[in-house]
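The structure appears right after this line, and notes come after that.
Hydrogens, waters and symmetry mates are skipped; everything else that's a heavy atom, side chains included, is used. In this chain, residues are counted from 1 in sequence order.
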Amino acid sequence: MARAGQDVEGTKLQSSGYVHGTDGLGNQNISPPKGKPIEQIAAEFLIQQASLYPGKVTVVVLGPLTNIALAIQLDPEFFKNIGQIVVLGGAFAVNGNVSPAAEANIFKDPSAADIVFTSGADVLAVGLNITHQVVLTDSDRGELAKSNGKFAKYLSKLLDVYFDSHHTAYSTRGVFLHDPTALLAAVNPSIVTYSEGVVRVQTVGITKGLTIFYNKKKGFAEVTEWSGKPSVKVAVTVDAPKVIKLVMERLVNS
């Protein structure tokens, strides 16, 4: 069983403090939450909820896929009981953001990602090829700061580190809306279109974390690690202006 902060093979997960701040919230020293974690480990909670509400639970995974993979390993029925798994992860036919090959969430636990993508669950992957089209600009941020929205003002303060990291990495004054795009793809599926096929993940070497999409249009005579694997959905287009509009409206009116 993996402990907190480790992947399914026991490797310590890397920090993303240089992107999001050491506290994950732009180094704003925000008071810790008053709530307490439940006693169950995440995988057991997921198994329980999927079993109680078969086909009705959608999980939006905004980090490494460790807990989903553990749930699949612990419960042979989990992949059937869970409704949909929307994965923020992968870099399909584009460079990654932690290496030329890999996107961060997949890179941090590639073995877990491969387990999830080949499990037979209803998976929708929203990768960098999609989220890099959705950009919150410096002008948008100014609009958030000037608004009366509670969360708009809160968020505008958190964005310093995130904007700086993008300026350093991409020489731009805007940020990619990775997480909101994946979440909106779950609640408003019309914002993306997708292709279906097999996804495998490279788990070692210089291309560790690489997500490879096989569209099944060509059949291969050889029996390989691709043979007989279930299909998943991979987002291929996004209505970026609509995503920005929905995010801005929700924050400004919060």
Side-chain angles (χ1 to χ4, degrees), residues 15-37 42 57-65 83-91 94 97-98 103-105 108 124-194 235-254:
S15 168
S16 297
Y18 64 97
V19 177
H20 302 291
T22 55
D23 62 353
L25 293 171
N27 298 328
Q28 291 297 306
N29 298 314
I30 295 169
S31 300
K34 296 179 181 179
K36 296 181 179 179
V57 176
T58 295
V59 180
V60 182
V61 189
L62 302 178
L65 284 154
Q84 187 179 47
I85 302 170
V86 178
V87 175
L88 172 62
V94 298
N97 58 358
V98 291
E103 179 274 334
N105 291 340
K108 289 177 181 178
L124 169 64
V126 179
L128 296 181
N129 51 304
I130 293 300
T131 60
H132 276 193
Q133 298 179 49
V134 186
V135 180
L136 185 82
T137 66
D138 214 21
S139 175
D140 294 327
R141 184 188 179 191
E143 188 176 332
L144 294 177
K146 290 186 294 183
S147 80
N148 292 320
K150 174 183 176 183
F151 294 115
K153 291 182 177 298
Y154 172 77
L155 184 64
S156 66
K157 294 178 182 178
L158 305 186
L159 285 173
D160 278 341
V161 174
Y162 198 46
F163 264 80
D164 287 346
S165 72
H166 279 64
H167 184 62
T168 299
Y170 301 103
S171 298
T172 183
R173 290 305 300 172
V175 294
F176 302 127
L177 293 190
H178 304 291
D179 301 45
T181 302
L183 182 59
L184 282 170
V187 300
N188 190 346
S190 66
I191 70 163
V192 298
T193 64
Y194 58 81
V236 292
T237 71
V238 62
D239 187 343
K242 186 172 183 178
V243 174
I244 296 295
K245 181 175 182 288
L246 290 170
V247 170
M248 292 293 291
E249 285 179 349
R250 178 60 63 91
L251 290 170
V252 168
N253 295 318
S254 64

- Task: Using the side chain to side chain contact (heavy atoms under 4.5 Å, CB included) rule, take Val134 and Phe176 through it: C-alpha gap first, then chi angles, then the decisive distance, then the call.
- Result: CA-CA 6 Å; Val134 186; Phe176 302 127; over 6 Å; no

- Message: Restricting to non-hydrogen atoms, name the atom on Leu124 and the atom on Tyr194 that form the minimum distance, rounded to 0.1 Å.
- Response: CD1-CB, 4.2 Å

- Task: Examine distances only and state if a side-chain atom of Asn253 and a backbone atom of Glu249 form a donor-acceptor pair shorter than 3.5 Å.
- Result: yes

- Message: Donor-acceptor check, side chain of Lys153 to backbone of Ser147, threshold 3.5 angstrom: yes or no?
- Response: yes

- Message: Please report the interatomic distance OG1(Thr181) to CD1(Ile244), rounded to the nearest 0.5 Å.
- Response: 7.0 Å

- Whether His166 and Tyr162 hold their rings parallel, tilted or perpendicular, with breakpoints at 30° and 60°: perpendicular

- Given Thr131, which of Asp179, Asn97, Val238, Val126 fulfils the side chain to side chain contact (heavy atoms under 4.5 Å, CB included) condition? Val126

- Item | Which atom of Leu136 lies closest to which atom of Leu159, heavy atoms considered | CD2-CD1, 4.0 Å

- Write down the atom of Val86, the atom of Ala182, and the distance for their closest heavy-atom approach. CG1-O, 3.6 Å

- Item | Test item: side-chain donor near acceptor, Thr237 and Thr193, under 3.5 Å | yes

- Message: Strictly distance-based, threshold 3.5 Å: is any side-chain N or O of Asp164 a donor or acceptor partner for the main-chain N or O of Val161?
- Response: no

- Query: Has the side chain of Gln133 got a donor or acceptor atom that lies under 3.5 Å from a matching backbone atom of Asn129?
  - Reply: yes

- Query: For the residue pair Ala185 and Ile191, what are the closest heavy atoms and their distance?
  - Reply: N-CD1, 3.6 Å

- Task: Count the heavy atoms of every other residue, nucleotide or ligand shown that sit under 6.0 Å from CZ of Arg250, and state whether that count exceeds 12.
- Result: no

- Message: Over 60° means perpendicular and under 30° means parallel, so tell me whether His178 and His132 are parallel, tilted or perpendicular.
- Response: tilted

- Query: Could you give the distance from OH (Tyr154) to CG (Leu144), rounded to the nearest 0.5 Å?
  - Reply: 14.0 Å

- Query: Looking only at heavy atoms, what is the nearest atom pair of Leu62 and Asn105, with distance?
  - Reply: O-ND2, 3.4 Å

- Does a sphere of radius 6.0 Å around OH in Tyr170 hold more than 12 heavy atoms from other residues, nucleotides or ligands, not counting ones at 6.0 Å or beyond? yes

- Could you tell me whether the side chain of Ser254 and the main chain of Lys150 form a donor-acceptor pair under 3.5 Å? yes

